[in-house]
Amino acid sequence: QVQLVESGGGLVQVGGSLRLSCAFTGRTFGTLTMAWFRLAPGKERECVARINWSGTSTYYADSVKGRFTISRDTAKKTVFLQMNNLKPEDTAAYYCNVVPNIGGPIALEPWGQGTLVTVSS
């Protein structure tokens, strides 16, 4: 059974940076495409970044392109989201999940508890 544990969120000022981590336990991590999602109050859950199994292909939502970087450490079964130049609209709970290898923002596993990011102006 897959378990996802997110961490690294917090309170940061506009323009600041945070690095989120997602620890994965369960089936073979090295063959899976992983993604970061966020859920803000009053909004639908949004996929902000995706990385393929080898780390050679990434996707970013337009709203975070150029500011966020997704990466993975297969040996440690961990996915990261480096967030720079944070804006108030980045305030949300952030979650990671497994997504289809062929693409698409469809979460395939139960959600973890998420990690809260609050950007203050």
Side-chain angles (χ1 to χ4, degrees):
Q1 184 176 355
V2 171
Q3 184 177 10
L4 303 162
V5 179
E6 301 90 350
S7 62
L11 175 63
V12 63
Q13 291 186 333
V14 170
S17 298
L18 284 173
R19 189 191 195 205
L20 307 184
S21 298
C22 169
F24 174 101
T25 57
R27 58 190 174 102
T28 308
F29 177 77
T31 64
L32 302 176
T33 296
M34 301 294 297
W36 281 96
F37 296 76
R38 67 185 180 187
L39 182 60
K43 296 185 178 181
E44 293 187 353
R45 199 186 305 262
E46 172 191 19
C47 178
V48 296
R50 186 176 67 236
I51 187 167
N52 73 336
W53 66 273
S54 63
T56 57
S57 177
T58 56
Y59 155 87
Y60 297 96
D62 288 342
S63 57
V64 307
K65 198 171 296 182
R67 300 187 298 120
F68 289 12
T69 302
I70 188 171
S71 61
R72 65 192 295 160
D73 185 330
T74 299
K76 295 182 179 180
K77 293 188 176 181
T78 303
V79 183
F80 303 99
L81 187 67
Q82 178 67 43
M83 306 187 297
N84 298 328
N85 190 21
L86 283 161
K87 304 177 180 180
E89 51 264 42
D90 295 319
T91 294
Y94 284 73
Y95 304 82
C96 67
N97 212 308
V98 182
V99 295
N101 287 333
I102 60 173
I106 302 171
L108 299 180
E109 299 292 345
W111 295 103
Q113 85 288 348
T115 187
L116 183 61
V117 172
T118 304
V119 184
S120 66
S121 56

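The first residue of the sequence shown is numbered 1, and numbering continues consecutively from there. As the structure is a prediction and not an experimental result, all values here were calculated from the model.
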Between [X] and [Y], what is the shortest heavy-atom contact and its length?
X   : Y   : answer
L32 : T28 : CG-O, 3.3 Å
V98 : M34 : CG2-SD, 3.7 Å
A61 : E46 : CB-OE2, 3.9 Å
L4  : C22 : CD2-SG, 4.0 Å

Side-chain contact test, heavy atoms from C-beta onward, threshold under 4.5 Å: evaluate it for [X] versus [Y] and give yes or no.
X   : Y    : result
I51 : S57  : no
L81 : R19  : no
L11 : S120 : yes
M83 : S17  : no

Could you tell me whether a side-chain N or O of [X] sits under 3.5 Å from a main-chain N or O of [Y], the two making a donor and an acceptor?
X   : Y   : value
Y60 : I70 : yes
E6  : C96 : yes
T78 : D73 : no
N85 : G15 : no

Parallel, tilted or perpendicular: which fits the ring planes of Y95 and W111, with parallel below 30° and perpendicular above 60°?
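Perpendicular, since the angle between the ring planes exceeds 60°.
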Using the rule that Ile, Leu, Val, Met, Phe, Trp and Tyr join whenever any side-chain heavy atoms are under 4.5 Å apart, tell me whether I106 and Y59 fall into a single cluster.
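No, separate clusters.
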May I ask whether V5 and F37 are part of the same hydrophobic cluster, defined by side-chain heavy atoms of I, L, V, M, F, W, Y residues being less than 4.5 angstrom apart, directly or through others?
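Each belongs to a different hydrophobic cluster.
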Counting heavy atoms not belonging to W53, are there more than 12 under 6.0 Å from its CH2?
no
For R38 and S63, run side-chain contact (heavy atoms from CB on, under 4.5 Å): C-alpha distance rounded to whole Å, both residues' side-chain angles, the deciding distance at 0.1 Å, then the answer.
CA-CA 12 Å; R38 67 185 180 187; S63 57; 3.4 Å; yes
side-chain contact (heavy atoms from CB on, under 4.5 Å) between Y94 and W36, worked out
CA-CA 7 Å; Y94 284 73; W36 281 96; 4.3 Å; yes
Test of understanding: with side-chain hydrogen bond (donor to acceptor under 3.5 Å, both in side chains), list the residues that count as partners of R67, not counting sequence neighbours.
D90
How many angstroms lie between atom CG of L18 and atom CG of L20, to the nearest 0.5 angstrom?
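Here the interatomic distance stands at 6.5 Å.
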From R50 CZ over to N97 CG, what is the distance, rounded to the nearest 0.5 angstrom?
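Rounded to the nearest 0.5 Å, the CZ-CG separation comes to 13.0 Å.
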Is the distance between the ring centroids of F29 and F24 under 6.0 Å?
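Between F24 and F29, the centre distance is under 6.0 Å.
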Do we see a donor-acceptor contact under 3.5 Å between the side chains of Q1 and T25?
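Looking only at side-chain atoms, T25 and Q1 do not form any donor-acceptor pair under 3.5 Å.
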Between the side chains of T33 and N101, does any donor sit under 3.5 Å from an acceptor?
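Yes, a side-chain donor-acceptor pair sits under 3.5 Å.
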